[in-house]
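Owing to the predicted nature of the structure, the values given are computational and were not obtained by experimental measurement. Computed from heavy atoms alone, side chains included, the values below leave out hydrogens, waters and symmetry copies.
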Amino acid sequence: MRADDADSTGLNNHFWAVVVNRSGAVCAVAYSGSTVGSQWLLSRQIAAAKAFTANGLSLDGAPISTAMLYPWVQGSPSGGNPLFGLAAGNPLDGSAVFDGDYSKFGTPEDPLIGKRVGGTITFGGGLGLYSGTKAVGGLGLSGDTACADHSTAFRARNRLSAAPSEGNDRLTFNDLSGHPHCPNDKFSAGVNVPAS
């Protein structure tokens with residue numbers, strides 16, 4: 001069973017998945033639907049930027065998920081949070097993302113492979129990849145709600161045996177100081193359960 005089949009959160013859409021190595025270069029691109037057009041095309045670039053973001057901000061023993069960034073980048077009446085404007089400082093390389101033959105998207109010949117596309121995404125779906133406590137890359141999933149992207153990425157990373165052995169990069173739901181709720185997010189994986 002694929003990670004997206006195991007997840008029933010969100011809108012039950014298919015996903016794009018992108019893996020980057022520690023240098024941020026794309027190693028693999030895949031999709032979960034039956035054809036390249038079975039999932040939102042825009043999600044291919046978002047998945048790449050999520051992988052790049054999570055890899056670029058995760059350290060050995062200190063994983064950071066893109067879902068964790070959400071509350072830190074929101075504007076506020078007091079002038080903004082500490083990372084307000086973060087995404088604007090690292091734009092996605094659109095020429096690298098949109099280059100190449102559409103029929104090769106999501107295959108071993110995907111034109112993204114070997115490129116650093118950059119980008120910063122600050123909502124759920126990007127996770128660091130680990131060997132024990134050592135950061136080795138990033139995984140980005142996109143194609144559904146931000147919560148479903150995070151949940152499915154969390155399941156996929158576990159299937160790859162690439163979760164960190166220490167640290168906490170789980171999504172925390174809170175509409176004011178955490179990640180907002182999404183439709184059908186009750187059974188999301190990789191979530192910090194708030195104290196009751």
*Considering residues at least two apart in sequence or located in another chain, which fulfil the side-chain hydrogen bond (donor to acceptor under 3.5 Å, both in side chains) criterion with Asp144?*
none

*Listed by chain and number, what are the side-chain hydrogen bond (donor to acceptor under 3.5 Å, both in side chains) partners of Thr145, not counting sequence neighbours?*
none

*Show which residues join Phe98 in its hydrophobic cluster (side-chain heavy-atom contacts under 4.5 Å, direct or indirect), or state none.*
Trp16, Val18, Val20, Val26, Val29, Tyr31, Val36, Leu41, Leu92, Val97, Tyr102, Phe105, Leu112, Ile113, Val117

*Taking only residues at least two apart or on different chains, which pairs with a member in residues 103-120 satisfy salt bridge (charged side-chain N to carboxylate O under 4.0 Å, His left out)?*
Arg44-Asp110, Asp99-Lys115

*asked:* I need the full list of salt bridge (charged side-chain N to carboxylate O under 4.0 Å, His left out) pairs touching residues 51-73, with sequence neighbours left out, sorted by first then second residue.
replied: none

Side chain of [X], backbone of [Y]: donor and acceptor closer than 3.5 Å?
X	Y	result
Ser38	Gly33	no
Arg170	Met68	no
Ser142	Ile46	no
Ser58	Ala54	yes
His179	Gly124	yes

Grab the two heavy atoms, one from [X] and one from [Y], that are nearest each other, plus how far apart they are.
X	Y	result
Phe173	Cys147	CE2-SG, 3.5 Å
Gly167	Pro63	CA-CD, 3.8 Å
Arg157	Gly128	NH1-O, 2.9 Å
Gly140	Ala51	N-CB, 3.4 Å

*Going through the distances and angles, do Asn13 and Gln39 end up as a side chain to side chain contact (heavy atoms under 4.5 Å, CB included)?*
CA-CA 7 Å; Asn13 287 352; Gln39 43 285 309; over 6 Å; no

*Examine the side chains of Ser188 and Ser151 and answer whether a donor and an acceptor come within less than 3.5 Å of each other.*
no

*asked:* Distance alone, cut at 3.5 Å: any donor-acceptor contact between the side chains of Thr120 and Asn90?
replied: yes

*Sequence neighbours left out, what pairs pass side chain to side chain donor-acceptor pair (under 3.5 Å) with at least one residue falling in residues 121-135?*
none

*So Ser65 and Asp169, side-chain hydrogen bond (donor to acceptor under 3.5 Å, both in side chains) or not? Walk me through it.*
CA-CA 5 Å; Ser65 69; Asp169 59 359; 5.5 Å; no

State plainly whether one hydrophobic cluster holds both [X] and [Y], where clusters connect Ile, Leu, Val, Met, Phe, Trp and Tyr through side-chain heavy atoms under 4.5 angstrom apart.
X	Y	value
Val136	Leu59	no
Leu57	Val73	yes
Phe15	Leu11	no

Residue pair [X] / [Y], side-chain heavy-atom distance below 4.5 Å:
X	Y	result
Lys50	Phe123	yes
Leu69	Thr53	yes
Tyr70	Pro180	yes

*Hey, could you give me the OG/CG distance between Ser23 and Asn55, rounded to the nearest 0.5 Å?*
8.0 Å

*Please say which of Leu171, Leu127, Leu139 ends up in a side-chain contact (heavy atoms from CB on, under 4.5 Å) with Phe154.*
Leu127

